[in-house]
Colleague: 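Take a look at the following structure, please.
Lettering follows sequence order; numbering is per chain, from 1.
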Protein chains: 2
Amino acid sequence: MTESDFARRSAEINDLLCVLNLLAWDARTQMPPGGSVTRGEQSATVSALARERTLDPAFERAAQAALDTPDAPAARQALSAISALRRVPEALTRELATLKSEAQDAWVGAKAASDFAAFAPALTRMVALSRQLADALGYEEHPYDALLNLYEPGLTNRTLQPLFARLREHHVALLERIQARPAPRTDFLRRSYPAAAQKAVSLRAAERFGYDLSRGRLDESAHPFEISFTRNDVRITTRVQEGFLSGALFGTLHETGHALYEQGVDPALTRTLLASDLVGLYAVGGASYGTHESQSRLWENRIGRSRAYWEGHFAELQAAFPEQLSDVDAETFHRAVNEVRSSLIRVEADELTYDLHIMLRVELERALIGGELEVRNLPAAWNARLKADLGLDVPDDARGVLQDIHWSSGMFGSFPTYTIGNVMASQFYEAAGAALPELEAQLERGEYAPLRGWLTDNIYRHGRTFTPDELLVRVTGRPLDPQPYLDYLTGKYSALYGLTPQETPA
Amino acid sequence: MTESDFARRSAEINDLLCVLNLLAWDARTQMPPGGSVTRGEQSATVSALARERTLDPAFERAAQAALDTPDAPAARQALSAISALRRVPEALTRELATLKSEAQDAWVGAKAASDFAAFAPALTRMVALSRQLADALGYEEHPYDALLNLYEPGLTNRTLQPLFARLREHHVALLERIQARPAPRTDFLRRSYPAAAQKAVSLRAAERFGYDLSRGRLDESAHPFEISFTRNDVRITTRVQEGFLSGALFGTLHETGHALYEQGVDPALTRTLLASDLVGLYAVGGASYGTHESQSRLWENRIGRSRAYWEGHFAELQAAFPEQLSDVDAETFHRAVNEVRSSLIRVEADELTYDLHIMLRVELERALIGGELEVRNLPAAWNARLKADLGLDVPDDARGVLQDIHWSSGMFGSFPTYTIGNVMASQFYEAAGAALPELEAQLERGEYAPLRGWLTDNIYRHGRTFTPDELLVRVTGRPLDPQPYLDYLTGKYSALYGLTPQETPA
């Protein structure tokens with residue numbers, strides 16, 4: 001059988017997306033500072049070519065011809081992406097790209113000076129352009145839906161609102177009960193841990209979960225991330241702080257979860273559109289941002305922060321840092337890395353308050369896009385919500401509304417996927433437990449291959465064949481359902497903090 | 001003034017060549033082994049796009065329109081490259097690309113087994129296809145000229161033959177006289193030198209010559225190289241062997257010379273065809289392979305192996321390796337790193353015997369392409385010539401005819417540029433000395449900025465504006481002329497080995 005025109009053209013487009021990913025990885029981990037302007041131009045050229053190839057009428061014809069072949073799922077995605085890209089005027093795409101780089105510069109400066117006013121003009125334009133983007137893409141009920149759909153196909157505000165309302169109520173009540181209990185000991189996490197040893201320990205843990213270094217590598221970067229250029233080359237980064245042990249360790253486990261997903265995509269999907277996000281111009285095998293995050297959270301939190309994990313592996317960590325951990329045991333360590341504490345900064349938050357940080361951002365960005373909140377009122381709205389949910393006063397914009405890069409990049413609609421990922425992770429984990437009766441015993445023995453195998457068979461190998469909802473129903477029998485996640489959090493923190501059943505929210 | 005169509009299209013093509021260079025750099029320094037097949041496909045896709053954009057009739061029209069503008073030099077190069085690429089049938093380009101990867105695999109296996117017969121079939125096909133390439137490109141006198149022209153525009157066999165005959169006669173005679181003298185002490189070069197310290201010392205030396213790390217970086221690789229993605233990002237690699245000091249040190253100085261050339265290209269040439277090799281599909285600012293090599297040789301040998309350099313910097317090296325170099329002084333070190341010794345392996349050869357290795361290869365490859373030598377007779381021809389020139393018996397093919405990768409890559413015509421680079425280096429250095437009366441005194445004081453500045457003004461900044469011959473005439477007043485190089489070698493080795501004037505060949 002000769003390769004079809006559709007397959008050949010898809011492979012070329014996927015190659016270009018992989019090249020874009022490599023240009024980004026290199027810029028963030030290897031590139032000398034002087035290279036940044038010309039690198040931006042190189043990325044813009046490859047982006048334009050990928051877009052041009054996708055919008056080539058011959059590609060559309062090839063996709064239509066493939067609708068009656070086994071390539072139908074990829075062909076449908078191609079046609080849907082072509083339609084979306086056609087709806088967005090090229091001038092808007094260009095304006096957004098230019099503004100993104102300007103707005104990021106403004107954000108960096110504003111954050112350094114902790115001065116929201118210096119970022120407000122760029123953000124105001126970004127909100128306006130993003131609203132234009134939403135209008136161009138089209139939506140039925142709320143403009144936010146059009147943006148959500150870029151990250152989590154099929155997710156709408158109508159689904160999100162009640163789901164998040166339920167999570168918020170639960171989390172706030174549980175947090176209140178936890179804060180009435182004594183805090184665990186955590187002093188030892190902030191002793192001095194040499195960087196090289198931290199990196200070695202983190203990499204060993206990644207390999208234990210099944211990260212294949214013949215198709216991967218670990219580097220350092222200011223903001224940890226995972227990125228891939230086909231399943232054959234899936235790279236992760238971590239941020240090592242000598243004065244804080246958990247950052248690199250759990251950061252690496254988080255990115256390892258992303259990497260296991262990408263390394264587990266079926267080889268048959270390599271260089272196809274089922275490993276390509278044509279609208280986002282991103283080579284990726286995961287079904288959506290939320291699905292991807294479900295795997296990083298699952299491996300980082302459900303496994304990496306579990307009691308069983310530290311009972312099994314604390315001795316090894318202690319052997320790597322004998323002086324720093326001489327007065328600590330597995331149980332104490334496990335409690336420390338699961339401490340719940342209200343904090344100002346999202347990326348430093350524990351599992352429970354993390355969702356509250358996310359839901360705050362989601363509510364504000366939806367109001368910005370919906371036109372119900374003006375940019376100039378954003379800091380006050382942020383600070384009020386943080387006080388209501390976490391009981392904290394925000395001392396300055398840098399530690400408040402300016403802390404995240406997302407809005408300066410125009411990534412409105414991406415924040416919900418972090419919490420959606422948590423919800424999905426518990427659904428998937430519950431399904432894995434039902435399918436693998438020995439799962440808990442295996443995890444207690446440090447055997448991760450059965451869980452990884454089940455996740456690969458049921459999720460990873462499919463790449464982007466299914467929408468997140470299709471995948472959830474296929475694997476768990478139900479669409480998005482927060483109950484397993486709520487049960488997990490309640491159970492976990494009740495045990496850790498000795499909450500009585502009466503104290504536990506329903 | 002709005003950007004011209006020619007400038008815009010040229011920038012896009014240069015971006016693609018820079019991307020190709022990054023794909024290659026990453027593959028050779030960072031990529032996990034599993035990524036190699038898909039990386040090859042990614043590179044093939046970008047290569048095809050760069051070729052497609054270059055051969056786009058609209059680009060040819062834009063180049064023609066630019067012939068009356070200040071872009072004329074770039075436009076002429078574009079038209080010349082388009083014409084060359086059009087002459088080569090696409091089927092031949094594809095066959096060569098496929099064969100290159102097969103032949104390299106065959107070469108790796110044959111070299112490991114030291115079995116030329118296992119490589120002969122692939123090499124026979126490579127010679128045949130390269131001859132077809134030469135015929136397609138066209139030539140006046142000898143098919144080898146067409147291939148030479150890919151690396152050294154304007155160079156012909158007619159120029160090369162008498163030049164190399166003169167060098168060979170001189171080198172063989174000088175080598176004979178040197179070998180009659182006592183060998184210098186070199187034992188200390190093979191003590192144990194920790195890798196990290198070698199790398200640090202090498203990088204410090206690179207910076208001393210003016211390598212700008214805000215636009216560069218040093219990595220390790222099996223075969224050292226320099227590669228750039230515009231003048232803003234120029235990277236070098238080195239190979240560190242703990243048991244051998246000179247490898248990493250002089251290898252780094254060599255690549256630094258290449259890097260200074262690329263970093264010194266006029267910023268106005270960034271993203272133009274005057275920093276692009278359209279036929280070789282390679283982003284490069286240097287005028288030719290030979291011109292480039294002239295700079296690596298100049299900084300490595302003329303400066304880095306000079307007496308003045310070691311008088312100035314040996315103390316620093318000794319401070320980095322106090323135990324290993326406790327019984328060595330600057331003079332002894334300088335003699336050791338300039339030892340002349342017949343050896344089997346090109347990349348381990350000294351300045352003098354290096355050229356003999358090159359000329360051997362050039363004579364054999366020209367005979368292969370000319371049809372005067374059959375592949376099956378190649379090992380015997382190699383061994384006979386090595387015996388005649390260097391007095392050595394070749395013990396096996398791995399240390400003989402199989403030692404270099406070039407022929408398996410179809411790079412017939414590139415070997416002469418190494419020796420051409422040596423010749424040019426002496427011409428340029430002589431011109432620099434005439435223009436900078438204080439040059440020797442500056443170098444004795446460790447001041448490299450004046451020399452680098454002169455080279456930048458006279459050579460580097462021009463990028464590919466001039467052909468190598470135009471550049472030579474412009475800078476030195478003469479075309480290729482071996483006399484300064486012969487004078488340099490004779491003078492240098494007479495002093496080092498205490499040769500009397502009578503012993504010195506004319």
Side-chain angles (χ1 to χ4, degrees), chain A residues 8-27 29-50 52-53 196 211-219 228-236 259 263 267 270-271 275 283, chain B residues 8-27 29-50 52-53 196 211-219 228-236 259 263 267 270-271 275 283:
Chain A
R8 191 181 54 73
R9 288 174 179 275
S10 298
E12 185 191 30
I13 292 169
N14 180 266
D15 285 338
L16 292 176
L17 301 187
C18 288
V19 166
L20 277 176
N21 284 13
L22 177 67
L23 291 168
W25 175 83
D26 182 78
T29 64
Q30 313 291 335
M31 188 181 73
S36 65
V37 171
T38 30
R39 175 57 51 85
E41 291 162 331
Q42 290 150 10
S43 291
T45 288
V46 179
S47 294
L49 279 168
E52 177 194 302
R53 294 314 229 215
Y211 182 46
D212 174 1
L213 283 179
S214 80
R215 297 184 287 135
R217 53 178 285 141
L218 173 67
D219 292 85
S228 68
F229 333 117
T230 80
R231 76 191 295 278
N232 301 319
D233 191 350
V234 179
R235 306 186 186 180
I236 61 176
Q263 289 194 332
T270 298
R271 301 182 80 220
Chain B
R8 192 183 54 74
R9 288 174 179 273
S10 298
E12 185 191 30
I13 292 169
N14 180 267
D15 285 338
L16 292 175
L17 302 187
C18 288
V19 166
L20 277 176
N21 284 13
L22 177 67
L23 291 167
W25 174 84
D26 182 78
T29 64
Q30 314 290 335
M31 188 181 72
S36 66
V37 171
T38 30
R39 175 56 51 85
E41 290 162 332
Q42 290 150 10
S43 291
T45 288
V46 179
S47 294
L49 279 168
E52 177 193 302
R53 295 314 229 217
Y211 181 45
D212 175 1
L213 283 179
S214 80
R215 298 184 287 134
R217 53 178 284 141
L218 172 67
D219 292 86
S228 68
F229 332 118
T230 80
R231 76 191 293 280
N232 301 318
D233 191 348
V234 179
R235 306 185 186 180
I236 61 175
Q263 289 195 331
T270 298
R271 300 183 80 221

Colleague: Against chain B, work out which of A/Thr230, A/Asp219, A/Asp26 has the most heavy-atom pairs shorter than 4.5 Å and name it.
Modeller: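 Looking at each of A/Thr230, A/Asp219, A/Asp26 in turn, A/Asp26 comes out on top.
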
Colleague: Mind listing the closest non-hydrogen atom pair of B/Pro32 and A/Ser214 along with its distance?
Modeller: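 Nearest pair, atom of B/Pro32 first, then A/Ser214: CB-O, 3.5 Å.
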
Colleague: In terms of side-chain geometry, is the basic nitrogen of B/Arg39 or A/Asp15 positioned less than 4.0 Å from the acidic oxygen of its partner?
Modeller: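 No salt bridge links B/Arg39 with A/Asp15.
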
Colleague: Going through the distances and angles, do B/Thr38 and A/Asp233 end up as a side chain to side chain contact (heavy atoms under 4.5 Å, CB included)?
Modeller: CA-CA 9 Å; B/Thr38 30; A/Asp233 191 350; 5.8 Å; no

Colleague: Does any non-hydrogen side-chain atom of A/Arg215 lie less than 4.5 Å from one of B/Pro33?
Modeller: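 Heavy-atom side-chain distance check fails, nothing below 4.5 Å.
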
Colleague: Which bit of B/Arg231 comes within less than 4.5 Å of chain A, counting heavy atoms only: side chain, backbone, both or neither?
Modeller: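 Contact with chain A involves no heavy atom of B/Arg231 at all.
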
Colleague: Return the minimal non-hydrogen interatomic distance between A/Gln30 and B/Arg217, and the atom names on each side.
Modeller: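 Looking at all heavy atoms of both residues, the shortest contact is O-NH1, 2.8 Å.
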
Colleague: Do A/Thr270 and B/Glu41 have side chains that get closer than 4.5 Å, going by heavy atoms?
Modeller: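 SC-SC contact between A/Thr270 and B/Glu41 ruled out.
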
Colleague: Return the CD to CD distance between A/Gln42 and B/Glu12, rounded to the nearest 0.5 Å.
Modeller: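 So the CD of A/Gln42 and the CD of B/Glu12 are separated by 12.5 Å.
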
Colleague: Just give me the residue among A/Val19, A/Leu49, A/Leu213 that pairs up with chain B most often, heavy atom to heavy atom, under 4.5 Å.
Modeller: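 Most pairs with chain B among the choices: A/Leu49.
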
Colleague: Strictly below 4.0 Å, N to O, side chains only: are B/Arg53 and A/Glu52 in salt-bridge contact?
Modeller: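 Looking at B/Arg53 and A/Glu52, the cut-off is met.
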
Colleague: Report yes if some heavy atom in the side chain of A/Thr45 is under 4.5 Å from a heavy atom in the side chain of B/Arg271; otherwise report no.
Modeller: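 With C-beta onward as the side chain, the pair touches.
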
